[in-house]
Enquirer: 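Have a look at the structure that comes next, please.
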Amino acid sequence: MLVVFLGPPGSGKGTQARIISAQMGLKHVSTGDMLREVSKSASPLGRKLSEYLEKGELVNDDLVNQIVAEFLAKPEYKNGFILDGFPRTLAQAKFLEEIYTGSYKVIHFKIDVEKLKHRVEGRFNCLDCGEIYNKYNTLIKEGECNKCHGSNFQYRADDNVDSLVTRITKFEEQIVQILEFYNERNRLSVVNADEAIENVTKQIVSAVKNG
Ligand code: AP5
């Protein structure tokens, strides 16, 4: 089963993907994480990507489609996975519909955009296990990850006000058409992403299991 997470920046897609992936035994594919990884390279592509990411601009459809198609073709992903951060344009949604012939569900993380700034402010993650923190989800012991006890953390270059505004604007420009596309195909479930993390998880599990 393929489960697609759609939602604005900071709505909790990455947080929930990690939880649901562990609970349901589904792999987690994040186009944002993959692009950030490539952007670290000193190659021309890496430098170009890093510019786009820092500004909060969308990376071009062909490149992201190619990355996703490569994952879909891998045998270890044939039983499905959580796709976090894709599609972000109608063209990407159409591409996925064309290349993925199995069943899939789309979860829309609905949240008032005013709340996003507070979530993304001060966000950092553990470099060892990926756990994501902010002022609501804090370290119990300073300098030590609650989950894996690692001590390597990183902040994201795109968690600044200008980039966040661009990312929200881009999301709002595209989302209406994408929701229409999935509504017409009966793939869409909406969760209230403004609830506590564990309540959002319950809504997602119920949507995935019951449709
Ligand atoms: P990406 O990495 O996908 O970023 P994003 O969509 O902007 O989403 P975020 O990672 O910021 O937020 P999230 O929803 O995962 O929230 P999180 O769980 O961290 O993409 C980055 C960039 O890559 C894009 O801007 C674009 O440039 C490029 N890109 C990626 N995919 C692309 C594509 N398909 N096409 C073109 N370009 C693409 O949660 C946020 C914070 O809130 C955390 O600190 C967390 O602890 C906390 N939190 C989570 N849930 C809750 C809750 N219920 N209550 C309180 N706090 C919570």
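Indexing begins at 1, ligand by ligand and atom by atom, following the structure's order.
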Enquirer: What do we get for Glu195 next to ligand 1 when only non-hydrogen atoms under 4.0 Å count, side chain, backbone, both or neither?
Expert: backbone
Enquirer: Taking the side chain as every heavy atom from C-beta outward, state whether Leu72 and Tyr100 have any atom pair closer than 4.5 Å.
Expert: yes
Enquirer: Less than 4.0 Å is my threshold; does some heavy atom of Arg36 fall inside it relative to ligand 1?
Expert: yes
Enquirer: What atoms in ligand 1 come closer than 4.0 Å to a heavy atom of Ile197?
Expert: 50 (N), 51 (C), 52 (C), 53 (N)
Enquirer: Tell me, please, whether Phe181 has Arg185 positioned over its six-membered ring: NZ or CZ under 6.0 Å from the ring centre and within 45 degrees of its axis?
Expert: yes
Enquirer: So is there a nitrogen or oxygen of Tyr136 less than 3.5 Å from a nitrogen or oxygen in ligand 1?
Expert: no
Enquirer: Select one of side chain, backbone, both or neither to describe which atoms of Val64 lie under 4.0 Å from any atom of ligand 1, heavy atoms only.
Expert: side chain
Enquirer: Using a cut-off of 6.0 Å, state whether more than 12 heavy atoms not belonging to Lys141 lie near its atom NZ.
Expert: no
Enquirer: Which protein heavy atom lies closest to atom 41 (C) of ligand 1, and at what distance to 0.1 Å?
Expert: Arg119 O, 3.5 Å
Enquirer: Can you list the steps and then say if Tyr104 with Val4 is a side-chain contact (heavy atoms from CB on, under 4.5 Å)?
Expert: CA-CA 7 Å; Tyr104 71 100; Val4 171; 3.9 Å; yes
Enquirer: Considering only the protein, which heavy-atom contact is closest to atom 49 (C) of ligand 1, and what is its distance?
Expert: Thr15 OG1, 3.4 Å
Enquirer: More than 12 heavy atoms of other residues, nucleotides or ligands under 6.0 Å from NZ of Lys115: yes or no?
Expert: no
Enquirer: Check each atom of ligand 1 against the heavy atoms of Leu53 and keep those under 4.0 Å away; list them by number with element.
Expert: 22 (C), 23 (O), 27 (O), 28 (C)
Enquirer: Could you check whether Glu54 and Ser163, counting side-chain N and O atoms only, form a donor-acceptor pair closer than 3.5 Å?
Expert: no
Enquirer: Does Ser151 use its side chain to pair, donor to acceptor, with the backbone of Glu144 at less than 3.5 Å?
Expert: no
Enquirer: Any idea which part of Phe171 is under 4.0 Å from ligand 1, heavy-atom wise: side chain, backbone, both or neither?
Expert: neither
Enquirer: Give the atoms of ligand 1, by number and element, whose distance to some non-hydrogen atom of Tyr133 is under 4.0 Å.
Expert: 44 (O)
Enquirer: Ser39 side chain to Ser50 main-chain N or O, any donor-acceptor pair under 3.5 Å?
Expert: no
Enquirer: Do Leu45 and Leu49 come within less than 4.5 Å of each other through their side chains, counting heavy atoms only?
Expert: yes
Enquirer: Please work out, at 4.0 Å between heavy atoms, whether the side chain, the backbone, both, or neither of Ala17 comes within that distance of ligand 1.
Expert: neither
Enquirer: Do ligand 1 and Gly14 have nitrogen or oxygen atoms that lie under 3.5 Å from each other?
Expert: yes
Enquirer: Quick check: does any side chain N or O of Gln23 sit under 3.5 Å from a backbone N or O of Ile19, one acting as donor and the other as acceptor?
Expert: no
Enquirer: Which ligand 1 atoms are under 4.0 Å away from a heavy-atom of Gln92?
Expert: 33 (C), 34 (N), 35 (N), 36 (C)
Enquirer: How far is atom 27 (O) of ligand 1 from the closest protein heavy atom, and which atom is that?
Expert: Glu57 O, 2.6 Å
Enquirer: Quick one: nearest non-hydrogen protein atom to atom 30 (C) of ligand 1, plus distance?
Expert: Arg88 NH1, 3.2 Å
Enquirer: Kindly assign one of parallel, tilted or perpendicular to the pair Phe153 and Phe124, based on the angle between their ring planes and the thresholds 30° and 60°.
Expert: perpendicular
Enquirer: Looking at ligand 1, does any of its N/O atoms fall within less than 3.5 Å of an N/O of Tyr52?
Expert: no
Enquirer: For atom 16 (O) of ligand 1, find the nearest protein heavy atom and state the residue, atom name and distance (0.1 Å precision).
Expert: Gly12 N, 3.1 Å
Enquirer: Ignoring angles and geometry beyond distance, decide whether Asp158 reaches within less than 3.5 Å of ligand 1 through its nitrogen or oxygen atoms.
Expert: no
Enquirer: Compute both the distance and the angle, then confirm whether Lys13 meets the cation-pi test with Phe109: under 6.0 Å from the six-membered ring centre, within 45 degrees of the axis.
Expert: no
Enquirer: Looking at ligand 1, is there an atom of it that comes within less than 4.0 Å of some heavy atom belonging to Ser30?
Expert: no
Enquirer: Does Val120 have a heavy atom less than 4.0 Å from any atom of ligand 1?
Expert: no
Enquirer: Report yes if the side chains of Arg18 and Lys147 come closer than 4.5 Å at any heavy-atom pair, otherwise no.
Expert: yes
Enquirer: Would you call Arg156 a ligand 1 contact, heavy-atom distance under 4.0 Å?
Expert: yes
Enquirer: Do any heavy atoms of Lys170 fall under 4.0 Å from ligand 1?
Expert: no
Enquirer: If only atom types and distance count, is the side chain of Gln16 paired as donor or acceptor with the main-chain N or O of Ile197 below 3.5 Å?
Expert: yes
Enquirer: Main chain of Val208, side chain of Lys105: is a donor-acceptor contact present, judged purely on distance under 3.5 Å?
Expert: yes
Enquirer: How far is atom 46 (O) of ligand 1 from its nearest protein heavy atom, and which residue and atom name does that atom have?
Expert: Ile132 O, 3.4 Å
Enquirer: For Pro87, is at least one N or O under 3.5 Å away from an N or O on ligand 1?
Expert: no
Enquirer: Does Val59, backbone or side chain, put an N or O under 3.5 Å from an N or O of ligand 1?
Expert: yes
Enquirer: Starting from atom 7 (O) of ligand 1, locate the nearest protein heavy atom and write down its residue, its atom name and how far away it is, to 0.1 Å.
Expert: Arg167 NH2, 2.8 Å
Enquirer: If we only consider heavy atoms of Pro8, is any one of them less than 4.0 Å away from an atom in ligand 1?
Expert: yes
Enquirer: For the pair Asn146 (side chain) and Thr138 (backbone), establish whether a donor and an acceptor sit closer than 3.5 Å, ignoring hydrogens and angles.
Expert: yes
Enquirer: At what distance is the nearest protein heavy atom to atom 19 (O) of ligand 1, and which residue and atom is it?
Expert: Arg123 NH1, 2.6 Å
Enquirer: Out of all atoms in ligand 1, which are within 4.0 Å of some heavy atom of Thr31? Include the element for each.
Expert: 30 (C), 31 (N), 32 (C), 34 (N)
Enquirer: Is there a donor-acceptor contact under 3.5 Å from the side chain of Asp84 to the main chain of Phe5?
Expert: no
